[in-house]
Amino acid sequence: MKHLKSIIAVLVFTLTFSFSQAQKKIKLENSVLWKIEHSELKEPSYVLGTLHVMCKDDFEISKKITQTLQNVDALVLEINLSDPKEIKAMQELMKNPKKISQELSEQQFEELDTLVTNVMGVPLSNFDSYGLSILNTIMIQKMLPCKEIKSLEMELMTLATEKQKSIYSLEKVAEQMEIMRTAYPADFALKQILLFESYKKDFGEAIIAYNNEDITTAVDLVSKDIYMDENATTIMQINRNKNWVEKMPEMMTERSNLFAVGAAHLTHDYGIIHLLRQKGYTVTPVFN
């Protein structure tokens, strides 16, 4: 189950950062944590922009995040990986994917084989039955210069459980898998994997920016024009953000929450911060 959760964490990362910059940029203050207030709310809630995976040596949960989690009633993630039913659903949905050799032309397969062999040390045929989505997940983990990877969502989930906080989600696993399927046709998935070296460099710089709490720069680094795709932007970012902002008010009325979502969901004019402000909420950065 631990290995499966690691795969899901990277899948969430993929969903978060493959999107276009063809929208209006909104410069945000340097903070990963934001306070949400409204005159009709008894208590404030908070939204945390995460960078889903990074090396253990680069990973740290700041005091302001742990204190916030202590003070709220519940943790809300994109998907609830503490729910056994969700884990089982992921296992079922990941069964029998379409083989990579069935999705790509012979020329595409050979091109990808060269990259996979260089990065993984074994030929693409070893991963043929995994499908492109899982291969993409494995390749993303190889972008990190370490063997031990940490996921902020996983660590928050552990802390919430220890503190006996309720854990909720904005989506179901089945919804995310459907998003992956529709947003990642074979040609687009192949393009993303083939940009491995470029993305590896930008992701490394994004980690530095994120740890400095400069989420705008972090998101911009991994959402350059070469990574853009209008279809993915609409499905993975714009539509999801709108859906979440429709769900959040009721959740905030019922209890105080710490929402933890990918940092890319906070920025731009279609980001959660801007959308909540349009709905009349006061959203302000929480500094150390």
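These numbers come from a predicted model, not from an experiment.
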So, the side chain of [X] versus the backbone of [Y]: is there a donor-acceptor pair under 3.5 Å, distance only?
X	Y	answer
Ser45	Ser256	no
Ser169	Lys172	no
Asp113	Leu124	yes
Lys98	Glu103	no
Thr66	Lys63	yes
Asn126	Val122	no
Asp128	Ile100	yes

For [X] and [Y], which heavy atoms make the closest approach, and how far apart are they?
X	Y	value
Met251	Asn257	O-ND2, 3.1 Å
Lys191	Ile226	CE-O, 3.5 Å
Asn231	Pro185	ND2-CD, 4.4 Å
Glu86	Val173	OE2-N, 2.8 Å
Leu81	Ile87	O-CD1, 3.7 Å

Counting heavy atoms not belonging to [X], are there more than 12 under 6.0 Å from its [atom1]?
X	atom1	result
Lys99	NZ	no
Glu106	CD	no
Glu60	CD	no
Phe196	CZ	yes

Using a strict 4.0 Å threshold on nitrogen-to-oxygen distance, state whether [X] and [Y] make a salt bridge.
X	Y	result
Glu37	Lys35	yes
Lys279	Glu246	yes
Lys224	Asp202	yes

Pairwise side-chain contact, [X] with [Y], heavy-atom cut-off 4.5 Å (strictly under):
X	Y	result
Thr284	Glu29	no
Val53	Phe203	yes
Phe59	Ile149	no
Asp220	His268	yes
Ile36	Thr282	no
Val286	Trp34	no
Val283	Ile272	no

Notebook entry, point to check: Are Ser198 and Tyr227 close enough, and set up right, to give a side chain to side chain donor-acceptor pair (under 3.5 Å), and what steps lead you there?
Noted result: CA-CA 10 Å; Ser198 174; Tyr227 310 130; 2.9 Å; yes

Next item on the list: State plainly whether one hydrophobic cluster holds both Ile208 and Val219, where clusters connect Ile, Leu, Val, Met, Phe, Trp and Tyr through side-chain heavy atoms under 4.5 angstrom apart.
Entry: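 As far as the 4.5 Å side-chain criterion goes, Val219 and Ile208 are not connected within one cluster.
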
Next item on the list: Check whether Val32 and Phe287 end up in the same hydrophobic cluster, where Ile, Leu, Val, Met, Phe, Trp and Tyr are linked by side-chain heavy atoms less than 4.5 Å apart.
Entry: no

Do the side-chain N and O atoms of [X] and [Y] include a donor-acceptor pair separated by under 3.5 angstrom?
X	Y	value
Lys64	Ser31	yes
Tyr210	Thr50	no
His274	Asp269	no

Value rounded to 0.5 Å, distance of [atom1] in [X] from [atom2] in [Y]:
X	Y	atom1	atom2	value
Thr182	Met177	OG1	CE	11.5 Å
Glu78	Glu175	CD	CD	11.5 Å
His38	Thr253	NE2	OG1	9.0 Å
Leu48	Leu156	CG	CG	6.5 Å

Item checked: Validation row, ring centre Tyr46 to ring centre Phe259 under 6.0 Å -> no

Next item on the list: Tell me, please, whether Tyr168 has Arg255 positioned over its six-membered ring: NZ or CZ under 6.0 Å from the ring centre and within 45 degrees of its axis?
Entry: yes

